[in-house]
Amino acid sequence: MQQRKLLHRRTSPVIWFIAIICTIVAIAVIVTGLVVFIGYLIIRPRVPSISVTQAHMEKLGYHETGQMDTQISITIKAENDNAKAHATFSDLSLFLSFNGIKIAQLTAGPFDVPKNSSLDLPYFVQSSSIPLAPEGMEEVDASLKRNKISFDLKGDVRARWRVGVLGSVKFWGHMACQLHFFPSNGSSLNPPHCSSRSQ
Ligand SMILES: *[C@@H]1O[C@H](CO)[C@@H](O)[C@H](O)[C@H]1NC(C)=O
Ligand SMILES: *[C@@H]1O[C@H](CO)[C@@H](O)[C@H](O)[C@H]1NC(C)=O
């Protein structure tokens with residue numbers, strides 16, 4: 001009598017049912033994880049990004065007293081390669097600096113980039129009387145001698161895709177690179193490879 005009851009319990013259809021449900025749920029979780037992961041790998045190289053497409057030094061003035069002034073034009077391209085979703089960029093903030101001294105901040109308020117398109121943001125940095133420390137002056141001297149001057153461009157941007165029912169997908173991009181110019185004619189040394197997209 002007792003044994004029968006035990007046997008009966010072991011083969012309880014409720015237990016089987018729960019076991020099957022658990023197995024299905026586990027498989028569903030694994031498959032969903034794989035789909036999300038593969039989707040991420042496919043989409044990742046195409047997240048909204050910003051990059052420098054053009055840079056030119058219009059002017060470089062340097063005074064023996066340790067003051068520098070410069071004018072630099074920079075074009076930042078905001079790209080949205082997604083053919084299915086509009087992208088909204090916000091909190092674009094980049095600092096241009098020379099030898100550790102911040103010269104200018106390039107910013108942009110929220111703006112939209114339609115599906116599969118891009119937007120060029122032209123900036124013109126005009127700075128007067130940047131006071132240089134002695135090592136900054138040495139750096140300018142050395143730059144003029146070797147006909148190559150370098151500026152740092154560094155900062156962040158936020159972007160998000162508006163996706164129908166899901167709401168939005170948010171991204172955060174970071175860019176840090178150097179812009180090199182010929183002081184003699186202001187051309188940028190090489191087409192700058194500055195992008196928030198991880199290489
Ligand atoms: C996206 O734009 C490129 C050119 O910029 C074009 O060749 C391509 O067909 C477009 N893709 C879609 C899905 O519209
Ligand atoms: C600027 O000067 C550099 C070297 O001094 C030269 O290689 C480059 O071609 C010049 N660029 C232009 C646009 O003249």
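Keep in mind that what you see is a predicted model, and the values were worked out from it rather than measured. Values below: all heavy atoms of this structure, side chains included; hydrogens, waters and symmetry mates excluded.
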query = Quick one: does Thr70's side chain have a donor or acceptor within less than 3.5 Å of a partner on Lys59's backbone?
reply = yes
key: Residue pair Met175 / Val52, side-chain heavy-atom distance below 4.5 Å   = yes
inquiry  = For His86 and Lys115: C-alpha separation, side-chain torsions, deciding distance, then whether side chain to side chain contact (heavy atoms under 4.5 Å, CB included) applies.
reply    = CA-CA 5 Å; His86 260 60; Lys115 298 166 188 176; 4.0 Å; yes
request  = Determine, stepwise, if the pair Arg162 / Thr88 fulfils side chain to side chain contact (heavy atoms under 4.5 Å, CB included).
outcome  = CA-CA 8 Å; Arg162 266 171 284 143; Thr88 302; 3.3 Å; yes
request  = Please round to the nearest 0.5 Å and tell me the distance separating atom CG of Leu121 and atom OG1 of Thr107.
outcome  = 10.0 Å
inquiry  = Under a 4.0 Å threshold between the charged nitrogen and the carboxylate oxygen, would Asp120 count as salt-bridged to Lys77?
reply    = no
key: Common cluster, Leu94/Ile103, ILVMFWY with side-chain heavy-atom separation under 4.5 Å   = yes
task = Spell out, as yes or no, whether a donor-acceptor pair under 3.5 Å connects the side chain of Asn147 to the backbone of Ser184.
result = yes
query = For the side chain of Ser73 and the backbone of Ala55, is there at least one donor-acceptor N/O pair under 3.5 Å apart?
reply = no
remark   = Heavy-atom closest pair (His180 atom, Lys148 atom, distance to 0.1 Å) is ND1-CE, 3.5 Å
Derivation and outcome, side chain to side chain contact (heavy atoms under 4.5 Å, CB included), residues Asp156 and Asp91 = CA-CA 8 Å; Asp156 305 305; Asp91 302 311; over 6 Å; no
request  = To the nearest 0.5 Å, tell me how far Ile72 CD1 sits from Glu58 CD.
outcome  = 9.0 Å
inquiry  = Test of understanding: clusters of I, L, V, M, F, W, Y form through side-chain heavy atoms closer than 4.5 Å, transitively. Do Val36 and Ile27 belong to the same one?
reply    = no
query = Can you check whether Phe151 reaches Asn99 side chain to side chain, under 4.5 Å on heavy atoms?
reply = no
remark   = Heavy-atom nearest pair, Ala176 first then Lys154, reads CB-CG, 3.8 Å
request  = Answer yes or no: is there a side-chain heavy-atom contact under 4.5 Å between Leu96 and Ile74?
outcome  = yes
task = Work out which heavy atom in Ser90 is nearest to a heavy atom in Val157; give both atom names and the distance.
result = O-CG2, 3.8 Å
task = Please answer: with hydrophobic residues joined when any side-chain heavy atoms are less than 4.5 Å apart, are Leu132 and Val125 in the same cluster?
result = yes
query = What distance separates Ser150 OG from Glu139 CD, expressed to the nearest 0.5 Å?
reply = 7.0 Å
remark   = On a heavy-atom basis, the closest approach of Pro48 and Trp161 is CG-NE1, 3.4 Å
inquiry  = Can you tell me how the ring of Phe111 sits relative to the ring of Phe89, calling it parallel under 30°, perpendicular over 60° and tilted otherwise?
reply    = parallel
inquiry  = Testing the basics here: between Ser51 and Glu79, what is the closest heavy-atom pair and its distance to 0.1 Å?
reply    = OG-OE1, 4.0 Å
request  = Answer yes or no: is there a side-chain heavy-atom contact under 4.5 Å between Ile130 and Ile101?
outcome  = yes
message = Could you check whether any side-chain heavy atom of Phe182 comes within less than 4.5 Å of a side-chain heavy atom of Leu189, counting everything from C-beta outward?
response = yes
task = Not counting sequence neighbours, which residues clear side-chain contact (heavy atoms from CB on, under 4.5 Å) with Leu144? List them please.
result = Leu60, Tyr62, Val140, Pro183
Gln178 vs Leu153 side-chain heavy atoms within contact, under 4.5 Å = no
key: Straight-line distance of Asp152 CG to Ser97 OG, nearest 0.5 Å   = 4.5 Å
task = Taking the side chain as every heavy atom from C-beta outward, state whether Lys170 and Trp172 have any pair of such atoms under 4.5 Å apart.
result = no
message = Please find the pair of heavy atoms, one from Leu119 and one from Asp112, that lie closest to each other, and give the distance.
response = CD2-O, 4.5 Å
query = Quick one: does His56's side chain get under 4.5 Å of Gln54's, heavy atoms only?
reply = yes
inquiry  = Determine whether Met68 and Phe98 satisfy the following criterion, side chain to side chain contact (heavy atoms under 4.5 Å, CB included), listing intermediate values before the conclusion.
reply    = CA-CA 10 Å; Met68 186 175 113; Phe98 175 76; 4.0 Å; yes
remark   = Between the CZ atom in Arg146 and the CG atom in Asp141, the distance rounded to the nearest 0.5 Å is 11.0 Å
ask   = Quick one: OG on Ser196 to CZ on Phe171, what's the gap to the nearest 0.5 Å?
value = 11.0 Å
inquiry  = Between Asp81 and Arg197, is the salt bridge (Lys or Arg N to Asp or Glu O under 4.0 Å) condition met? List the steps.
reply    = CA-CA 12 Å; Asp81 289 348; Arg197 199 170 271 175; 3.5 Å; yes
query = Where the side chain of Asn80 meets the backbone of Ala85, is there a donor-acceptor pair that is under 3.5 Å apart?
reply = yes
Quiz item: cation-pi between Lys102 and Phe95, 6.0 Å / 45° = yes
query = Is there a chain of hydrophobic side chains (I, L, V, M, F, W, Y, each step under 4.5 Å between heavy atoms) that links Phe17 to Val25?
reply = yes
